K.L.:
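Shown below is the structure under consideration.
In this text the structure is predicted, and so the values were computed from the model without any measurement.
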Amino acid sequence: MPEPRRRARALARRWWPLALAVPLGAAAGAGYALVSHPSYSASSYVVVVPNNPGENSTAVNFAQAYGRLTGQPQVLIGAAAETGRTVTALAGLVRGTTSPDAPMIEITGTGARGEEAVKNADAVAKSLIAFGNASSKETGVRLVPLAPAAEPDAPASPSASLDTAVGAAAGVLVGALVLLTRRKPSATAEAPPTPQAAEPEPALPAQAEAAEPAPGKTRAPAAAR
């Protein structure tokens with residue numbers, strides 16, 4: 001058999017788990033992208049403005065606090081009535097994101113269609129503004145709409161390229177685990193042979209005769225103390 005063919009067969013026998021798992025993982029990721037339902041996302045923006053000029057740090061702190069309240073029932077109860085969803089369902093469709101150095105809140109809404117994502121984001125932004133401005137005198141800040149959500153042109157997920165890459169990466173992981181399992185030596189091969197206890201050697205005849213007293217002779221009694 002030619003040397004290149006022999007090497008190719010040796011590589012195939014050694015790396016076949018990876019060669020099989022990677023294409024299968026990529027195909028699974030591509031299949032998921034084809035059968036999964038599309039999801040659209042849109043973002044609406046709200047700015048926190050201080051009542052007294054110069055208190056920008058206070059506005060940033062309140063923006064982060066209101067951003068964490070975006071998915072809470074006290075904020076979503078008004079938006080749920082506008083969107084026709086329950087508070088629990090709407091909580092899974094929106095999220096708030098803040099910046100550590102800017103008093104801005106980004107409210108991202110998702111939906112099965114682009115207009116649904118826009119409606120969810122704008123409704124929650126409107127509800128958050130009403131909730132925050134209800135206590136504006138106590139907090140010293142007020143919430144102002146910056147930009148409404150724009151309808152997206154394409155779904156945010158699924159992504160055929162991303163899902164295929166994720167599936168291929170999962171195939172690499174599975175193939176590597178199979179290779180490690182195949183290369184691991186068995187416990188019996190690693191365990192050293194158990195040493196057997198050495199049997200005592202039989203006493204030699206001369207030693208046995210020296211140990212026994214001669215016939216007719218008795219051992220001398222021990223000296224009296």
Side-chain angles (χ1 to χ4, degrees), residues 29 31-167 169-170:
Y32 171 79
L34 290 176
V35 301
S36 60
H37 298 288
S39 177
Y40 293 81
S41 64
S43 296
S44 182
Y45 298 90
V46 176
V47 175
V48 179
V49 180
N51 294 334
N52 299 322
E55 298 182 354
N56 294 329
S57 60
T58 302
V60 172
N61 293 335
F62 273 102
Q64 295 178 358
Y66 283 125
R68 289 190 290 268
L69 291 175
T70 300
Q72 299 302 315
Q74 59 267 35
V75 174
L76 297 179
I77 188 170
E82 183 176 347
T83 58
R85 299 181 181 274
T86 63
V87 172
T88 304
L90 188 59
L93 297 175
V94 294
R95 70 177 185 275
T97 307
T98 59
S99 173
D101 53 2
M104 185 177 65
I105 306 170
E106 178 184 1
I107 301 174
T108 303
T110 58
R113 295 178 298 175
E115 55 268 23
E116 289 184 6
V118 171
K119 187 176 183 180
N120 293 335
D122 287 342
V124 174
K126 180 180 177 181
S127 182
L128 179 64
I129 292 172
F131 174 82
N133 290 342
S135 56
S136 177
K137 293 182 179 180
E138 292 78 6
T139 59
V141 297
R142 67 183 186 276
L143 279 68
V144 178
L146 177 62
E151 185 172 347
D153 298 329
S157 65
S159 174
S161 58
L162 178 61
D163 292 335
T164 302
V166 170

K.L.:
How far apart are the C-alpha atoms of V94 and L76, what are their side-chain angles, what is the distance that settles it, and do they pass the side chain to side chain contact (heavy atoms under 4.5 Å, CB included) test?
P.N.:
CA-CA 10 Å; V94 294; L76 297 179; 4.0 Å; yes
K.L.:
Closest heavy-atom contact between Y40 and A117?
P.N.:
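Y40 and A117 have their closest heavy atoms at O-CB, 3.6 Å.
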K.L.:
Once rounded to the nearest 0.5 Å, what's the spacing between atom OH of Y66 and atom CG of L143?
P.N.:
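Atom-to-atom, Y66:OH and L143:CG are 6.0 Å apart.
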K.L.:
Among I105, V60, N61, which one satisfies side chain to side chain contact (heavy atoms under 4.5 Å, CB included) with V48?
P.N.:
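So the option named by the test is I105.
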K.L.:
Using side-chain heavy atoms (C-beta onward) and a distance below 4.5 Å, is L93 in contact with T83?
P.N.:
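SC-SC contact between L93 and T83 ruled out.
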K.L.:
If every non-hydrogen atom of R142 is compared with every non-hydrogen atom of P50, which pair is closest and at what distance?
P.N.:
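Result for this residue pair: NH1-O, 3.8 Å.
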K.L.:
If I compare all heavy atoms of P152 with all of A42, which pair ends up nearest, and what's the gap?
P.N.:
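That would be CD-CB, 4.3 Å.
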K.L.:
Table please: side-chain donor-acceptor pairs of residues 119-132 below 3.5 Å, with sequence neighbours left out.
P.N.:
residue	atom	partner	partner atom	Å
N120	ND2	T110	O	2.9
N120	ND2	E116	O	3.1
D122	OD1	S44	OG	3.4
D122	OD1	A149	N	3.0
S127	OG	V75	O	2.3

K.L.:
Would you please name every residue forming a side-chain contact (heavy atoms from CB on, under 4.5 Å) with A170, sequence neighbours left out?
P.N.:
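For A170, no residue satisfies side-chain contact (heavy atoms from CB on, under 4.5 Å) once neighbours in sequence are set aside.
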K.L.:
Identify the two heavy atoms, one from S43 and one from E106, that lie closest to each other, and give their separation to 0.1 Å.
P.N.:
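Of all heavy-atom pairs spanning S43 and E106, the closest is OG-OE2, 3.0 Å.
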K.L.:
Answer yes or no: are there more than 12 heavy-atom neighbours, outside L146 itself, under 6.0 Å from its atom CG?
P.N.:
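Yes, enclosed.
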K.L.:
From S136 OG over to F62 CZ, what is the distance, rounded to the nearest 0.5 angstrom?
P.N.:
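Nearest 0.5 Å value for the OG-CZ distance: 9.5 Å.
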K.L.:
side-chain hydrogen bond (donor to acceptor under 3.5 Å, both in side chains): which pairs involve residues 87-104, sequence neighbours left out?
P.N.:
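Qualifying pairs: S99-D101.
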